[in-house]
Amino acid sequence: MQKYDPHEIEPRWQTVWEATGANSVTETDGGTAAVDKPRYYALEMFPYPSGDVHMGHVRNYSIGDVISRYKRMQGFDVLHPIGWDSFGLPAENAAIKQGSTPAAWTYANIDRQRASLRRLGFSYDWSRVVVTSDVDYYRWGQWIFLKFWEMGLVERRSSPVNWCPSCLTVLANEQVLGDGVCWRCKSRVERKELEQWYFKITDYAQELLDDLELLKGSWPERVRQMQANWIGRSTGAEVDFTLCDAAGEPTRETITVFTTRPDTLFGCSFFLLAPEHPLVREFVVGTPFEARALRVIDAATSSTAVERSKGEREKHGAPTGRFVVNPINGDKVPIWIADYVLMDYGTGAVMAVPSGDERDFEFARTYGLPIPPVVVAEDDPLYATLQGQAERVQEEVPWTEAYAGEGIMVQSGPFTGQKGGKDSEGAQAVIDALAARGQGRATVNFRLRDWLISRQRYWGNPIPAIYCDSCGIVPVPYEDLPVVLPMDIDVIKNESLASREDFLAVDCPVCGRPARRETDTMDTFTCSSWYYLRYTDPHNNGAPFAPEQVNAWMPVDQYIGGIEHAILHLLYSRFFTKGLRDAGLLNFSEPFTRLLTQGMVKLNGETMSKSKGNVVAPEDMIASYGADALRIFILFMAPPDKDLEWEEKGLAGIYRFLVRIWRMVHDLVGAADEETLYEGVSGGASEGGSQSISNAFESTSSGETIGPAAREAAAVLQRERHRVVGKVTEDVERFNFNTAIAAIMELANAVGDYLRLASSAARAADPERLAADHEVAEVLVKLLAPLAPHFSEELWQGVLGKTATDSVHTQAWPISDPALALAPTVELAVQVNGKVRGHIEVALDAPEETVRAAALAAVAAQMGSAEPRKVVVVPGKLVSVVV
RNA sequence: GGGGGUGUGGCGGAAUCGGCAUACGCAGCGGACUUAAAAUCCGUCGCCGCAAGGCUUGAGGGUUCGAGUCCCUCCACCCCUACCA
């Protein structure tokens, strides 16, 4: 018997599988002909080539590989691709640090990661690799940009953004550190008004929200909730307030606000504008209010969006000296500037109702503004006081905080007495009254903002636009694509696309005169928003993908990745899918039918990270125990969606498990010899010895038949086999890989019990026995095939005597016969008053009366003279006696 | 503040529909084998107790013949999100 040597076995099978195209899909003629196998698209989020493969990748890709291999054995034609998300800022930073170019650094990392993924034995179709920084890919990203532009989904407009004056680029909010400095150079980030490119994802806000319903049950609830919150739909009303001139007289102009509580309109005692609101300066310049107002504006605008939301909650504001008229009651209320009003939500203007809104309440207290109560809880003493009161109370309410809940409207003119609250009858009544006068209307607001996609960065996909002095901003014609990104930009010398004349210079496609190219590149999230579509047709030279290919494979049946992408990547991908559908290129609306978000791999309760110096390198683990053991271990230690605690001893245990199976399979088919059968484990740090041991073989008179205890063990094994096949199948379907592996271990334990009792000589002498044993060995190896592919293939072809054309990975998944999993008798627990007091063994099909009698007899002693009041018989489980 | 989640032995975890809590593994302990060690194999392993027995799924209550699981109250921790009008 050969020793289990993963270091020899694993590379050998990897080479064979690649040479035979074992992991490619079976369709042959471009996917147009019907394939008799059902298709299955298994996808893991592709890696960013930031360095070596880490344990998070191993976990992510192990999950995907088990699903892929399992589905293949179930008879599916499986698409299981891999690629690299290779544009992005880290490449530029690393290039500067290492004196290299982003391209050189990126492609070197891809090569290293590719080698690691190969060593792990993942069943990728290596002929379909997609690398987003390859021109063959990103040119189609440009094509999609143009398509979206054509559809009106691209917009170039001005808005306040985070700007790093040292890096000379806009930064995403998450790239601004908590104290308002650039994550890379630590210089102070500024708010700047800049023209940028946007994708109008808000056009799809409602559909992106509605379609989350389609994903119910197949996406984690958490992710659906996060997306729903992010989209943030609010129902309410727009209300038009009439603006007064500097003298305080009403004009014909109005300012519109959005509110979710029109029922509180009578409680509006002041009116707020965001510091960035264009009207603010107009109001205060040259007035006594100017100095104070400017201080508030400066303080608010110099801080970043992040700072403004994370800093202390103290509210700052200043009066503008102007007034508006409340359309519902004609009240003239002052306009203030407030730093908690956001310019980019709603209209940038807010009607303040301090009695009904916590923030307005705080602001009113700070600046001594009135707090008239308008919606009061019925059981609040204030309700009784105000109910019949004719005169309006503008003074402070006796509350210490605003009341934002449901209640009854008071001091609200004709609406007094109606129910108030969010989406209440009162709210609807107020909307109707406003609408009748043309001063308001029901509306819906979303928190979702348009997607700012332009970056002043070199290492990204160039935006295909041209600036012409006479024609303005012009799209690059489709036939002129790709706009090729120069690979040799010297980021160390601070070179950029803007400094490259050969890139910049272009003739205007409309008028033919000299023009300049756009030098901004696209956010890398645009690259990852459609890569899964390209996998279905990765070498297409005439289009991003052919409709028949993409529609045949998509949507992805199972998507697997980290929870950190719960919002951005997954939302952007959903948007792209809907956009491309509306472009007529796709016939589906959601890209990922099922989503699994895997947990993190931790060490001593902490996330592994280079900076903490607690990284466990997969390559080291492969070197010690092999890829198969590593894969099983990472799946065994926790359910896939939970964080898992790394423990090297656990990995050694899995290695021992594999060695044990290795021996058992040899033993079952009579390929083991006493000399080597129980040889020591040679993995890890220890050297193996070669001591054989004598087993407690049951002695038989002739040595040619197995004894009664062994026969019983064989019967148990047979039942275990069917039970475990059923259990593993169920568990893999549910992604409970940890319990699937535990079940295989249980089968191994049954095999061990059997082998210990039945001598190899006795087994060899009985052809029927030998055939049954061989079958058990095959089942064991097949169950392990998705988990430990090399190990299983070696046993399949090397020990079970199968041929190379008969790979274990093309075998049919084993079938369980539930009837054969059942023992002839079952043991039932007998409870007396809820406590287990005894056990009985009864025939599987024993009638209830028999079971009942046996149970009562078994606990007669415990019951004493007491008469049973009630007896509950739960077939196959227990008998519960009440006395 | 809002949303989501988690709490079970020394540790990772199991219990899928309300039915014998602690499967499977790790660590530990005892034994066999060995000059010895490693490895392997066998046994043991929730807590208290010499035992009989009692107790045990974050705490407390409830429903039920029966609750880790369902309901109520509370505690702790984690994640996400946040001046969204």
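Below, chain A is the first sequence line, B the second, and so on; all start at residue 1.
For the pair A/N749 and B/G25, the criterion of a side-chain N or O lying under 4.0 Å from OP1 or OP2 is met. Regarding contacts with the backbone of B/A85, a side-chain N or O of A/Y345 is found under 4.0 angstrom from either OP1 or OP2. In terms of phosphate contacts, A/R663 brings a side-chain nitrogen or oxygen within less than 4.0 Å of OP1 or OP2 of B/C41. Between A/R224 and B/G4 there is no side-chain polar atom (N or O) within less than 4.0 angstrom of OP1 or OP2.
Rounded to an integer number of Å, the gap from CZ of A/R233 to P of B/G2 is 23 Å. In this structure, A/I563 atom CD1 and B/C79 atom P are separated by 13 Å, rounded to whole Å. Between A/D263 atom CG and B/A85 atom P there is a gap of 14 Å when expressed in whole angstrom units. Put simply, CE on A/M637 is 15 Å from P on B/A23, counting in whole angstrom units. For A/D731 and B/G25, the CG to P distance is 15 Å, given to the nearest whole Å. Look at CD1 on A/I634: it is 13 Å from P on B/G13, rounded to the nearest Å. The CG atom of A/L272 sits 13 Å away from the P atom of B/C84 (whole-angstrom rounding). Atom pair A/E848:CD and B/G19:P shows a separation of 18 Å (rounding to whole Å applied).
Side-chain contact check for A/D641 and A/T597: no donor-acceptor pair (N or O, by modelled atom type) lies under 3.5 Å. Using a 3.5 Å distance cut-off with no hydrogens or angles, the side chains of A/R233 and A/Q206 do pair a donor with an acceptor. Between the side chains of A/N749 and A/R660, at least one donor N or O sits under 3.5 Å from an acceptor N or O. Inspection of the A/D731 and A/T739 side chains reveals an N or O donor paired with an N or O acceptor under 3.5 Å. Inspection of the A/D360 and A/Y340 side chains reveals an N or O donor paired with an N or O acceptor under 3.5 Å.
A/V872 is listed as a side-chain neighbour of A/V874, based on a closest heavy-atom distance under 4.5 Å. In this structure, A/Y655 and A/F633 have side chains that are not in contact, with every pair of non-hydrogen atoms separated by 4.5 Å or more. In this structure, A/H277 and A/V280 have side chains that are in contact, with non-hydrogen atoms separated by less than 4.5 Å. Contact check for A/I654 versus A/F636: side-chain heavy atoms found under the 4.5 Å cut-off.
Taking a pair to require two hydrogen-bonding distances under 3.5 Å in either a Watson-Crick or a G-U wobble arrangement, B/A76 pairs with B/U6. Pair assignment for B/G28: B/U44, on the basis of Watson-Crick or G-U wobble contacts that are both within less than 3.5 Å. Base pairing annotation: B/G1 forms a Watson-Crick or G-U wobble pair with B/U81, both donor-acceptor distances under 3.5 Å. Nucleotide B/C70 forms a Watson-Crick or G-U wobble pair with B/G62, both donor-acceptor distances falling under 3.5 Å.
Within 4.0 Å of A/F657, counting heavy atoms only, lies no atom of the nucleic acid at all. Among the heavy atoms of the strands, none lies under 4.0 Å from A/N736. Heavy atoms of A/E827 sit under 4.0 angstrom from at least one base atom. Here A/R222 lies in heavy-atom contact (under 4.0 Å) with sugar-phosphate atoms only. Nucleic acid contact class of A/G653 (heavy atoms, under 4.0 Å, all strands): sugar-phosphate only. Residue contacts for A/D643: at a heavy-atom cut-off of 4.0 Å it reaches the sugar-phosphate backbone alone, with no base atom in range. Nucleic acid contact class of A/P639 (heavy atoms, under 4.0 Å, all strands): sugar-phosphate only.
Interface remark: the A/K877 side chain does not form any donor-acceptor pair with the B/C20 base, using a distance-only criterion of under 3.5 Å. A/R837 contributes no side-chain N or O that forms a donor-acceptor pair with the base of B/C20 under 3.5 Å.
With the nearest nucleotide of RNA chain B identified for both A/E730 and A/L644, A/L644 has the one nearer the 5' end. Where A/A743 and A/M226 meet RNA chain B, the nucleotide closest to each residue was compared, and A/A743 sits on the side nearer the 5' end.
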Report all interatomic pairs (protein N or O, nucleotide N or O of nucleotides 63-72 of chain B) with separations under 3.5 Å.
unit_1	atom_1	unit_2	atom_2	d
B/C65	OP1	A/K870	NZ	3.4
B/C65	O2	A/S880	OG	2.7

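Rounded to whole Å, the C1' atom of B/G7 lies 39 Å from the corresponding atom of B/A39. Comparing B/A67 with B/G61, their C1' atoms sit 14 Å apart, to the nearest whole Å. Going from the P atom of B/A23 to that of B/A14 covers 13 Å, rounded to whole Å. For B/U22 and B/G58, the P atoms lie 16 Å apart once the distance is rounded to whole Å. For the P atoms, the distance linking B/G49 with B/U34 amounts to 39 Å, nearest Å. The separation of B/U69 from B/C17, taken at their P atoms, amounts to 14 Å, rounded to a whole angstrom. The P atoms of B/G13 and B/C26 are separated by 16 Å, rounded to the nearest whole Å. Distance noted for atom C1' between B/U63 and B/U73: 15 Å (whole Å).
Distances were taken from every side-chain heavy atom of A/V341 (C-beta onward) to each of B/A85, B/C24, B/U81; the shortest belongs to B/A85. Taking every side-chain heavy atom of A/T739 into account, B/A14 is the closest of B/C26, B/A85, B/A14. Looking at the side chain of A/A742, the nearest of the listed nucleotides B/A23, B/A85, B/G4 is B/A23. Nearest nucleotide to the side chain of A/E647, out of B/C24, B/C26, B/A14: B/C26. For A/R447, the listed nucleotide lying nearest its side chain is B/U81; candidates were B/U81, B/U40, B/U16. Of the candidate nucleotides B/U16, B/C41, B/A85, B/A85 has the atom lying nearest to any side-chain atom of A/T259.
A salt bridge between A/K602 and A/E645 is absent, with no side-chain N of the basic residue lying under 4.0 Å from a carboxylate O of the acidic one.
Syn is the classification of B/C17, since its glycosidic angle stays within 90° of 0. Syn is the classification of B/G9, since its glycosidic angle stays within 90° of 0.
Checked by atom type and distance alone, the side chain of A/H666 pairs as donor or acceptor with a backbone atom of A/W662 at under 3.5 Å.
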